[in-house]
K.L.:
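What follows is a structure written as structure tokens; I'll ask about it next.
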Amino acid sequence: MKFLALALACVAFTSAVSVPAKVTYDGFKVYRVSVGSNVAAVKSLISKLQLESWTGKPKADGVIDLMVPPTQVEKFEADTADLSIEVMHEDLGLSIAEESQLSVYAAGSANATWFNAYHPIADHTQFLKDLQASYPSNSEIISAGKSNSGRDLTGIHIWGSGGKGSKKAIVWHGNVHAREWITSMVVEYAAYTLLTKYASDTSIKAYVDKYDFYITPIVNPDGFAYTQTNDRMWRKNRQVNSGNSCVGRDINRNWPYVWSGSGSSTDPCAEDYRGAAQGDGTETKALKAQIDGLTSGKGVEMYLDFHSYSQLFMYPYGYSCSAVVANSAKYTSLSTGVVSAIKAVHGVSFTEGPICDTIYQVAGDSVDYATDVAKAAFSFTVELRDTGRYGFVLPAAQILPSAEEMWAGLAYLLANM
């Protein structure tokens, strides 16, 4: 859900229709700026130096994480002399190089070592296939549809007693934003835990027997693949925009519900571009069809969209900071329990609350659609680790701890919904 403020649009970081060169971030720094009462000054700085933000727009008394190219570092530091700043990445290119040492997966070995490193997109598909092959009686490989480039939106369907499709649905989506690599790993850990512990853990068996799980770790495969080949900081899908050289739309601003409000951009070059029309994203259409189909069947008990970073656990609404979701007391109670369960694992603190109040206003997002259109009993989104030290470039050493703590939160939800 984190978005980059529009800068250097359609030049170095927004790829054109022609074959794009690989983007390098060598020498780039990422700074955290304490905004205080200097909102106008920080906005002016971003505009003057054409900087990209990792944390949206500057807010009074908040912080903003800014990516600064090497050509602007001296000017940036001079212009922020009166502000409190902290270096988060001394050399972003070096941080990416360390994080992006992708592990080679040995097909047929869907075990816990998977969560020790990040992996190429093809290996994610193979891991799911191998996991399913180990538990053929209560799982199947599914596809929510095709991406803009024709890739499958590959997922896994898990069920328990009563057979497949006999219970209300739990729907989990990861990597809607391409650069948020930790999300697919955490979602895969949840699927792995449900299957590998179904026979030995009575609580997990109860969850799987009560619901059908539809889990898609990478719902933006084109964008995800692009982060591994061309631009580690790419966010959107890879859909061409008619009449514009800038590529992609933000899938999580494209859902056909309160699509045209504040909280998204009409600029095709912006990272939060909502698309030319509501629901016109190739992947959005597929994901909408999936959840609509489940709604017309047994119904959706829970929808959860995984993002990074900021350590937030949130519920509707994104489109408005004044709208109050039905059953808000239950949402508050569940969210409080989730963050407590998460903290109990590794001591990491998350903050809970409505999307708009907790992070920022979001139009055309999946959580609001799942709530008001698909009529999911509960709909959430999470921003995983961390709070900015590494941001989108989270070291592989934090994959397993992040997955373990998030599983505790998910287990709390499944036990208490």
Side-chain angles (χ1 to χ4, degrees), residues 1-9 11-15 21-35 42-43 45-59 62-81 83-102 117-118 175 177-186 223-224 226-236 271 307-312 348 359 383-399 401-402:
M1 199 179 279
K2 288 292 176 195
F3 64 94
L4 298 172
L6 173 62
L8 299 176
V11 185
F13 310 112
T14 305
S15 302
K22 185 165 185 175
V23 176
T24 176
Y25 291 95
D26 292 349
F28 278 66
K29 295 181 184 291
V30 179
Y31 293 87
R32 169 158 289 180
V33 179
S34 296
V35 178
V42 175
K43 284 183 177 179
L45 175 67
I46 293 170
S47 176
K48 173 185 173 183
L49 301 184
Q50 290 290 280
L51 303 179
E52 298 195 25
S53 167
W54 280 11
T55 50
K57 298 176 182 178
K59 296 180 180 180
V63 295
I64 187 168
D65 297 345
L66 298 174
M67 187 168 67
V68 182
T71 56
Q72 300 285 32
V73 166
E74 185 176 346
K75 294 178 182 177
F76 175 85
E77 293 187 345
D79 288 350
T80 55
L83 300 174
S84 174
I85 65 172
E86 177 185 0
V87 178
M88 312 304 283
H89 287 276
E90 185 66 40
D91 185 335
L92 181 58
L94 180 60
S95 298
I96 290 172
E98 293 172 348
E99 175 232 28
S100 301
Q101 295 176 0
L102 303 181
Y118 294 106
N175 254 128
H177 291 146
R179 61 175 171 239
E180 297 167 7
W181 285 9
I182 185 60
T183 63
S184 49
M185 301 299 296
V186 168
F224 182 76
Y226 194 75
T227 65
Q228 298 188 331
T229 59
N230 291 81
D231 186 349
R232 178 63 186 85
M233 290 295 106
W234 188 261
R235 169 184 168 93
K236 300 182 285 185
E271 294 289 3
H307 292 266
S308 73
Y309 62 96
S310 281
Q311 293 172 200
L312 307 172
V348 174
I359 185 167
E383 296 279 353
L384 300 171
R385 291 191 184 193
D386 57 7
T387 57
R389 169 60 186 87
Y390 297 101
F392 300 118
V393 192
L394 193 71
Q398 294 197 39
I399 295 172
S402 184

K.L.:
Quick one: does N230's side chain have a donor or acceptor within less than 3.5 Å of a partner on V23's backbone?
P.N.:
no
K.L.:
S402: what forms a side-chain hydrogen bond (donor to acceptor under 3.5 Å, both in side chains) with it, not counting sequence neighbours?
P.N.:
none
K.L.:
When rounded to the nearest 0.5 angstrom, what distance separates OG in S53 from CG in D65?
P.N.:
7.0 Å
K.L.:
Using side-chain contact (heavy atoms from CB on, under 4.5 Å), reason through M233 and F28 one step at a time and then give a plain yes or no.
P.N.:
CA-CA 12 Å; M233 290 295 106; F28 278 66; over 6 Å; no
K.L.:
When rounded to the nearest 0.5 angstrom, what is the spacing between OH in Y390 and CG in L92?
P.N.:
13.0 Å
K.L.:
Enumerate donor-acceptor pairs with a distance under 3.5 Å from any side-chain N or O in residues 67-79 to protein atoms, sequence neighbours excluded.
P.N.:
residue	atom	partner	partner atom	Å
Q72	NE2	L49	O	3.3
E77	OE2	Y31	OH	2.7
D79	OD2	K48	NZ	3.0

K.L.:
As an exercise, state the distance from NE2 of H307 to CZ of F392, rounded to the nearest 0.5 Å.
P.N.:
11.0 Å
K.L.:
Considering all heavy atoms of both residues, which atom of A396 and which atom of A117 are nearest to each other, and what is their separation?
P.N.:
CB-CA, 4.0 Å
K.L.:
Return the CD1 to NZ distance between I359 and K59, rounded to the nearest 0.5 Å.
P.N.:
7.5 Å
K.L.:
Could you walk me through whether V63 and T55 pass the side-chain contact (heavy atoms from CB on, under 4.5 Å) check?
P.N.:
CA-CA 8 Å; V63 295; T55 50; over 6 Å; no
K.L.:
Does anything in residues 85-101 form a salt bridge (Lys or Arg N to Asp or Glu O under 4.0 Å)? List the pairs, not counting sequence neighbours.
P.N.:
K29-E90, E99-R232
K.L.:
Between T24 and D26 (side chain of the first, backbone of the second, donor and acceptor by atom type, cut-off under 3.5 Å), is there such a pair?
P.N.:
yes
K.L.:
Answer yes or no: is there a donor N or O on one side and an acceptor on the other, between the side chain of R32 and the main chain of I64, under 3.5 Å?
P.N.:
no
K.L.:
Between K22 and T229, is a side-chain contact (heavy atoms from CB on, under 4.5 Å) present by the stated rule, with each step listed?
P.N.:
CA-CA 7 Å; K22 185 165 185 175; T229 59; over 6 Å; no
K.L.:
Of all the heavy-atom pairs spanning P58 and I46, show the shortest one and how long it is.
P.N.:
CD-CD1, 4.3 Å
K.L.:
Heavy atoms only: give me the nearest Y309-E383 pair and the separation to one decimal.
P.N.:
N-OE1, 3.2 Å
K.L.:
Is the closest side-chain heavy-atom distance between W181 and F224 below 4.5 Å?
P.N.:
yes
K.L.:
Considering non-hydrogen atoms only, spot the tightest contact between G388 and M88 and give its length.
P.N.:
O-CE, 3.0 Å
K.L.:
Please name the residue in the list L94, I96, I182 that meets the side chain to side chain contact (heavy atoms under 4.5 Å, CB included) test with V393.
P.N.:
I96
K.L.:
Does L384 offer a backbone N or O that forms a donor-acceptor pair with the side chain of S308 under 3.5 Å?
P.N.:
no
K.L.:
To the nearest 0.5 Å, tell me how far Y226 OH sits from K236 NZ.
P.N.:
11.0 Å
K.L.:
For residues V348 and P401, determine if any side-chain heavy atom of one lies less than 4.5 Å from a side-chain heavy atom of the other.
P.N.:
no
K.L.:
State the CD1-CZ distance between I399 and R385, to the nearest 0.5 angstrom.
P.N.:
11.0 Å
